2 protein chains.
Amino acid sequence: MHSQKDVTIYDIAEKLNLSPTTVSRGLKDHPAISKKTKKRINDIAAELGYRFNTFASNLRSKRTNTIGVIIPRMNSSFMSAVLAGMEKVANEASYNLIISQSLESAEKEAVNVKTMFNNRVDGLMVSVAYDTVGVSQFEMLLEKGIPLLFFDRTLDHPQCTSIVIDNYKSGYLATQHLIAQGCKNIIHITGNLARNVYADRQRGYESALKDAGIQADPNNTFINVLDEQAGIDCAQKILKMNPLPDGVFVDNDTCAVNCMAILMNNGIKIPEDIAFIGFNNDPISRVIRPALSTINYPGFEMGEIAAHKLIAHLNGQQSINSTNSIILRSELIARDSSKRIK
Amino acid sequence: MHSQKDVTIYDIAEKLNLSPTTVSRGLKDHPAISKKTKKRINDIAAELGYRFNTFASNLRSKRTNTIGVIIPRMNSSFMSAVLAGMEKVANEASYNLIISQSLESAEKEAVNVKTMFNNRVDGLMVSVAYDTVGVSQFEMLLEKGIPLLFFDRTLDHPQCTSIVIDNYKSGYLATQHLIAQGCKNIIHITGNLARNVYADRQRGYESALKDAGIQADPNNTFINVLDEQAGIDCAQKILKMNPLPDGVFVDNDTCAVNCMAILMNNGIKIPEDIAFIGFNNDPISRVIRPALSTINYPGFEMGEIAAHKLIAHLNGQQSINSTNSIILRSELIARDSSKRIK
DNA sequence: AATAATTATGCAACCGGTTGCATAATTATG
DNA sequence: CATAATTATGCAACCGGTTGCATAATTATT
């Protein structure tokens, strides 16, 4: 239960008749220290069970080499890929990542920002919660010159870069694809239109309809939180429609497959009666039958690029303020859930 | 880009003609400071934009109020639930969580342990990687008296408590269920048998077979990493068997649904030809058709209990060493993928 | 061998809260 | 009103690396 007194660089210095300065530099592989001395230092450090004190270091140097990440949830394969990409880049540049979830709550998100702020992260990467309003909760960071970067779900701010896919184009492509399969009465299931991702896809949806000479019906846009239950609820709502829609574009695969499952239970044939297309290319889209058409989202790259960009800024190589946004490529994957034309 | 000089308690002290000591105590709501003074301190702190310096505090007080968590991956609904449970309890006790992924690699896990160690976590909760061997990488923690707790995928150590479900019983129940549905030739798809979870389920599987008078065939146990690809590979392997098995018990829903999908593509009827049962009750198990029978795993509670236990130890309320393991209830959920008897 | 150039090491102040103990200020008690 | 008891505040050392600048040690140059 009780811990020994910690070994410090002073203990090592004493053992070797060196100054703490030299020990500190030796451990950090400083070029001014001779190889011989470095070896002696490292050997003794290992022998005594020395461990580096991050707090003393951070306190003095005023740098933490830590980057904060705040995301809505981490239990999606997309987010998991983003994090993996970030971690890879951060690791290579010897930065640590502190990750926290807002669980889609603006309130919790604000608390997380504050915690990150107190933990003195060098920079912060955020994908905002479902109901976040305004950017005021981030101002304290910017006032202190802590760089802030948004990815996927972004906010508009003159000092922040955003990393996104072209959601407008993706929404357009998905809708156009359904139209090409003969759909004329298409539902769009989306989220809070205050979020760029959903607003842009909705715009894409509307443009595609318009370009095909179809009048967009506001009642055909369903707004909800896009989780499992929402998918089920949407299915119930669709079953009550008359006439039934002949195509559904859902902004999230999880929601889409749950919706499909209920409809199929009720005797509706997919894609013959209703064609479906989702979003994200989650693993589930490949397993369900019929396999779900979807938009592929480059999560890993998004994470890599976000982390690269932020670290380049921190290292003074390239300011984050010069860029407005970086747009990654996304692509449509057509599978059986939408293929009506053989 | 450039940050102002930070506001410290010294600045506040000067403004109010107080000592830094009083300011420090005032901010911490110390009982010896009068209400009036506390208010003055907090007002000025807010006005100047003071932020607490965690490093200075941690350095001096030698406590971080931070708990480390190392998990194989966070992109499963089970792990996400565990983390949510941990975070809830930790928050309430004003502890922070640092979460990192081993990505199933023992090597990365060891690096993570070291980082946590250097970051001076007050305690550590671990679910070990697929191929972790031995406990030596954790010894440095125990030597310093840093409490270590395992959950789900555990290691045996006299000083560590484990939080688990009864994997033996779960494996027994799953197998027994398939037998009750008329299966006689049952495959068990499992993971590295050095991991308690897989070894225990395998024992349960064997016992259930034995109790039903069925001879366990070693060739009927498939060992792999239980991911999507593994599910596909297992399906190929099963298709080549003669006779085909009539039941499959998979230790993970993701792997199970991928395996099922391939078999169904090849004309095999589920559950008529082969009955399936998975493990974890992932959302996917409810969406796939036929819906996948599975074992429900209390992730959120597991997280809560683990965090509670560790924090009680840290607060000196209940030593972790007195407990060997805590076993949570799990349950079988029978769905269409295994129901052959109407 | 003397001096310059280079390499290696040390000094001492610093980062900003925290804490045991002492002291000042206020209130209660006789 | 004096003294005890209680409450509020301050002193000064401390936690353990870091860094600008000075100095010592070694190697190169003439």
Side-chain angles (χ1 to χ4, degrees), chain A residues 3-42 44-45 48-66 94 96 117-122 144, chain B residues 3-42 44-45 48-66 94 96 115 117-120 122 144:
Chain A
S3 54
Q4 315 283 329
K5 186 135 179 22
D6 273 326
V7 177
T8 71
I9 55 170
Y10 296 93
D11 300 325
I12 298 174
E14 200 175 17
K15 265 251 164 49
L16 293 172
N17 264 318
L18 287 171
S19 72
T21 306
T22 304
V23 175
S24 172
R25 290 184 177 136
L27 291 168
K28 277 270 156 67
D29 204 24
H30 190 287
I33 307 297
S34 71
K35 275 193 178 172
K36 234 187 311 175
T37 309
K38 276 178 192 165
K39 174 147 175 44
R40 290 204 303 152
I41 292 171
N42 281 308
I44 291 287
L48 298 182
Y50 166 78
R51 70 168 158 165
F52 182 71
N53 189 318
T54 318
F55 305 124
S57 173
N58 289 345
L59 174 59
R60 177 60 225 247
S61 61
K62 300 195 154 193
R63 257 198 149 227
T64 63
N65 280 308
T66 299
S94 46
N96 289 319
F117 184 64
N118 282 337
N119 281 326
R120 299 280 208 280
V121 293
D122 291 336
K144 294 274 182 195
Chain B
S3 53
Q4 315 283 330
K5 187 136 182 18
D6 273 325
V7 178
T8 72
I9 53 169
Y10 296 92
D11 300 323
I12 298 174
E14 201 174 13
K15 265 251 167 39
L16 293 172
N17 264 318
L18 287 171
S19 72
T21 306
T22 304
V23 175
S24 172
R25 289 184 178 135
L27 290 168
K28 277 271 156 69
D29 205 23
H30 191 286
I33 307 297
S34 71
K35 274 193 179 171
K36 234 186 310 174
T37 309
K38 275 178 192 165
K39 174 146 176 42
R40 290 204 302 149
I41 292 171
N42 280 307
I44 291 286
L48 299 182
Y50 167 78
R51 70 168 161 168
F52 183 71
N53 190 318
T54 318
F55 305 124
S57 172
N58 288 345
L59 173 60
R60 177 59 225 250
S61 61
K62 299 194 157 194
R63 252 196 153 228
T64 64
N65 280 309
T66 299
S94 47
N96 289 319
T115 304
F117 185 63
N118 282 337
N119 281 327
R120 300 281 208 280
D122 291 336
K144 294 274 180 191

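Quick note: numbers below take in every heavy atom, side chains included, and nothing from hydrogens, waters or symmetry partners. So that the names make sense, note that chain A is the first sequence line, chain B the second, and so on, each numbered from 1. Everything numeric here is computed off the predicted structure, so don't read it as measured data.
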N/O (side chain, [X]) to phosphate O (OP1/OP2, [N]) under 4.0 Å:
| X | N | result |
| --- | --- | --- |
| Ser34(A) | dA8(C) | no |
| Lys36(B) | dA8(D) | no |
| Tyr50(A) | dG17(D) | yes |
| Ser19(B) | dT9(D) | no |

Original post:
Just by distance, do the side chain of Arg63(B) and the backbone of Asp122(B) share a donor-acceptor pair under 3.5 Å?
Top reply: no

**OP:** Say whether, by atom type as modelled, one donor and one acceptor occur between the side chain of Asn118(B) and the main chain of Thr115(B) under 3.5 angstrom.
**Re:** no

Name the nucleic acid region contacted by [X], choosing base, sugar-phosphate or nothing; use a 4.0 angstrom heavy-atom cut-off, strictly under.
| X | result |
| --- | --- |
| Phe52(A) | sugar-phosphate |
| Thr37(B) | sugar-phosphate |
| Asp11(A) | nothing |
| Leu18(A) | sugar-phosphate |
| Thr21(B) | base |

What is the distance, rounded to the nearest whole Å, between atom [atom1] of [X] and atom [atom2] of [N]?
| X | N | atom1 | atom2 | value |
| --- | --- | --- | --- | --- |
| Ile33(B) | dT18(C) | CD1 | P | 12 Å |
| Asn58(B) | dC14(D) | CG | C1' | 15 Å |
| Arg51(A) | dG17(D) | CZ | C1' | 15 Å |
| Asn65(B) | dG17(C) | CG | P | 16 Å |
| Lys28(A) | dA8(C) | NZ | C1' | 19 Å |
| Arg120(B) | dG16(D) | CZ | C1' | 9 Å |
| Phe55(B) | dG16(C) | CZ | P | 12 Å |
| His30(A) | dG17(D) | NE2 | C1' | 14 Å |

**OP:** With DNA chain D as reference, determine whether Pro20(B) or Arg60(B) sits nearer its 5' end, using the nearest nucleotide of each.
**Re:** Pro20(B)

Subject >> 5' priority, DNA chain D, between Lys62(B) and Pro31(B) [closest heavy atom] >> reply: Pro31(B)

Original post:
So, Ser34(B) versus Thr37(B): side-chain donor-acceptor pair below 3.5 Å or not?
Top reply: yes

Original post:
Under 3.5 Å, is there a donor-acceptor pair between the Ser57(B) and Thr54(B) side chains?
Top reply: no

**OP:** Give a yes or no on whether a donor-acceptor pair under 3.5 Å exists between the nucleobase atoms of dG20(D), that is its base, and the side chain of Arg25(A).
**Re:** yes

**OP:** Hey, which sits more toward the 5' end of DNA chain C by its nearest nucleotide, Ile9(B) or Thr22(A)?
**Re:** Thr22(A)

Original post:
Across all strands shown, which nucleotide pairs with dT23(D) by Watson-Crick or G-U wobble geometry, both distances under 3.5 Å?
Top reply: dA8(C)

Subject >> Who pairs with dC14(C) - Watson-Crick or G-U, where each distance is under 3.5 Å >> reply: dG17(D)

Original post:
Pick one: which of Thr64(B), Asn119(B), Asn65(B) meets side chain to side chain contact (heavy atoms under 4.5 Å, CB included) with Asn58(B)?
Top reply: Thr64(B)

Original post:
Hey, is NZ on Lys38(A) packed in by over 12 heavy atoms from elsewhere, all under 6.0 Å?
Top reply: yes

